[in-house]
2 protein chains.
Amino acid sequence: MKKIREELQQFGLAATHPRSVILRCLRERKDHPDAETVYQTVHQEIPSLSIDTVYRTLNLFASSGLIVHLAMPTHRFRFDGGVEPHDHFLCTTCEQIVDIEPEENDHQVFSEKVAALGQILSLQRVYLGTCHACKKAI
Amino acid sequence: MKKIREELQQFGLAATHPRSVILRCLRERKDHPDAETVYQTVHQEIPSLSIDTVYRTLNLFASSGLIVHLAMPTHRFRFDGGVEPHDHFLCTTCEQIVDIEPEENDHQVFSEKVAALGQILSLQRVYLGTCHACKKAI
DNA sequence: GTATTTGCAAACTATTTGCAGTATT
DNA sequence: AATACTGCAAATAGTTTGCAAATAC
């Protein structure tokens, strides 16, 4: 928990109890949760927590760069507590998201053409399709 | 317009007037519109058109593969009438989306690791950042 | 003529915001 | 003590759906 608090402070954010628990939740989970899911989890540890705070906190963390707001055609915003570059697979049926570790030689260099469009901050790659479970269910 | 109607029929969809005009709108625009924007445009040609039909039609087209439901962390769903593979730049401030034509040697082959996750139907790459206009405005 | 599609209206779901009290620095 | 954060409540925004009338095949 100490590390989480320090992280918040390094980003210039007050290390409150809700924020610490929300950030720890994001760091531990591997399933790229939405606000509701984060709320359900953190609510167990802080019963007084409201979902408004979860929304505000997730937006704050994402714009600070502490977490990643995922580019996905899903019905709810999804977040990723892993900030090292990697790709994702999205099952467009059940909306589960799976991490894909980058290849050794993948250094995400942007071409000049891309750089000319503005200040590029990140690149997200999403493979879209149907997971085995959903495929079977059809 | 003939071509548009034929396209709909090839995909097994009834070539109604609303659908034809909506598909033509998507094919002509370069700005990756949301449902509201499509509605504003098509509404000029078909005043009786309702936005419900726009939502239904966009979802139908996207699941049929006639258009692409973009993977973007935007507040509204965005659609692309260009179906040949290409990348996108998203300004996370003004939410404008710009096409990036693929490099010559970009053939979008999926690794076995990716293919093992399920049936992969497409890959979307999104460069996120701030466009020049928004950068200046800060 | 039959089946599919559309408009209307309403519902539903997700997300944001103002304000006053509370916690953090 | 001053500032920043949170909960409450309500508002806002985006999208979906049931049903009867209209349209396409």
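We use all heavy atoms of the structure for the numbers below, so side chains are in, but hydrogens, waters and symmetry mates are not.
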Undergrad: For B/Leu13 and for A/Pro18, find the nucleotide of DNA chain C with the closest heavy atom, then tell me which residue's nucleotide is more 5'.
TA: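 This one resolves to B/Leu13.
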Undergrad: Roughly how many Å is it from CD in B/Glu95 to P in D/dA13, rounded to a whole number?
TA: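 Roughly 14 Å, once rounded to whole Å.
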Undergrad: Check whether B/Thr92 reaches the backbone of B/Gly129 with its side chain - one donor and one acceptor, N or O, closer than 3.5 Å.
TA: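 Yes; judged by distance alone, with no hydrogens or angles, the pair exists.
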Undergrad: Rounding to an integer number of Å, can you tell me how far B/Glu6 CD sits from D/dA24 P?
TA: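 Checked: the CD to P distance equals 17 Å.
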Undergrad: Ignoring hydrogens and geometry, is there a side-chain-to-backbone donor-acceptor pair from A/Arg29 to A/Arg24 under 3.5 Å?
TA: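 Checking the backbone N and O of A/Arg24 against the side chain of A/Arg29, no donor-acceptor pair under 3.5 Å is found.
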Undergrad: Just by modelled atom types, is the A/Glu101 backbone N or O under 3.5 Å from a matching donor or acceptor in the B/Lys113 side chain?
TA: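 Side chain of B/Lys113 to backbone of A/Glu101: a pair is present.
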Undergrad: Has B/Thr16 got a side-chain N or O lying under 4.0 Å from the OP1 or OP2 atom of C/dT6?
TA: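 Checking C/dT6 against B/Thr16, a side-chain N or O does come within under 4.0 Å of OP1 or OP2.
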Undergrad: Does A/Gln9 make a side-chain N or O approach to OP1 or OP2 of C/dT25 shorter than 4.0 Å?
TA: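 It does, given that an N or O in the side chain of A/Gln9 lies less than 4.0 Å from OP1 or OP2 of C/dT25.
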Undergrad: Atom OH of B/Tyr39 and atom P of D/dG14: how far apart are they, to the nearest Å?
TA: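 That distance rounds to 15 Å.
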Undergrad: Short of 4.0 Å, heavy atom to strand atom, which residues of residues 49-68 of chain B count as contacting DNA chain C?
TA: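 DNA chain C contact set from residues 49-68 of chain B: B/Leu49, B/Ser50, B/Asp52, B/Thr53, B/Arg56.
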Undergrad: Judged by atom type as modelled, is there a donor-acceptor pair below 3.5 Å linking the side chain of B/Thr53 to the main-chain atoms of B/Leu49?
TA: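 It does not hold such a pair.
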Undergrad: When you measure from every atom of DNA chain D, which of residues 73-83 of chain A have a heavy atom less than 4.0 Å away?
TA: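 Output list: A/His75.
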Undergrad: Taking only residues at least two apart or on different chains, which pairs with a member in residues 22-41 of chain B satisfy ring-ring contact (aromatic ring centres under 6.0 Å, His included)?
TA: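 Sorted pair list: B/His32-B/His88, B/Tyr39-B/His43.
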Undergrad: In whole angstrom, give the distance that lies between atom CD1 of A/Ile22 and atom P of D/dC5.
TA: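 It is 13 Å, rounded to the nearest whole Å.
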Undergrad: Mind running a 4.0 Å heavy-atom check of residues 31-38 of chain B against DNA chain D and sending the residues that fall below it, in number order?
TA: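 Residues of residues 31-38 of chain B under 4.0 Å from DNA chain D: none.
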Undergrad: Atom CG of B/Leu8 to atom P of C/dT6: distance rounded to whole Å?
TA: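 In whole Å, C/dT6 P lies 10 Å from B/Leu8 CG.
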Undergrad: List the residues meeting ring-ring contact (aromatic ring centres under 6.0 Å, His included) with A/His132, not counting sequence neighbours, and say none if there are none.
TA: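 None.
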Undergrad: Treating A/Arg76 as the side-chain partner and A/Asp34 as the backbone partner, does any N or O pair qualify as donor plus acceptor under 3.5 Å?
TA: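 The answer is no, because no donor-acceptor pair under 3.5 Å joins these two groups.
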Undergrad: Donor-acceptor check, side chain of A/Gln124 to backbone of B/Val126, threshold 3.5 angstrom: yes or no?
TA: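 It does not hold such a pair.
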Undergrad: What integer distance in Å separates A/His17:NE2 from C/dT25:P?
TA: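 So the two atoms are 13 Å apart, to the nearest Å.
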Undergrad: Salt bridge between B/Glu7 and B/Arg19, side-chain N to carboxylate O under 4.0 Å?
TA: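 The answer is no: the pair does not qualify as a salt bridge.
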Undergrad: Under 3.5 Å, side chain of B/Arg5 to main-chain N/O of B/Ala15, donor-acceptor pair present?
TA: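 Side chain of B/Arg5 to backbone of B/Ala15: a pair is present.
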Undergrad: A/Arg5 has an atom CZ; how far is it from atom C1' of C/dA23, in whole Å?
TA: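 The answer, rounded to whole Å, is 12 Å.
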Undergrad: Whole-Å distance between D/dT16 C1' and B/His69 NE2?
TA: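 Atom NE2 in B/His69 sits about 14 Å away from atom C1' in D/dT16.
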Undergrad: Mind checking who shares a hydrophobic cluster with A/Phe89, ILVMFWY linked at side-chain heavy-atom distances under 4.5 Å?
TA: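 ILVMFWY cluster around A/Phe89 also holds A/Val98, A/Ile100, A/Tyr127, B/Phe110, B/Val114, B/Leu117, B/Ile120, B/Leu123.
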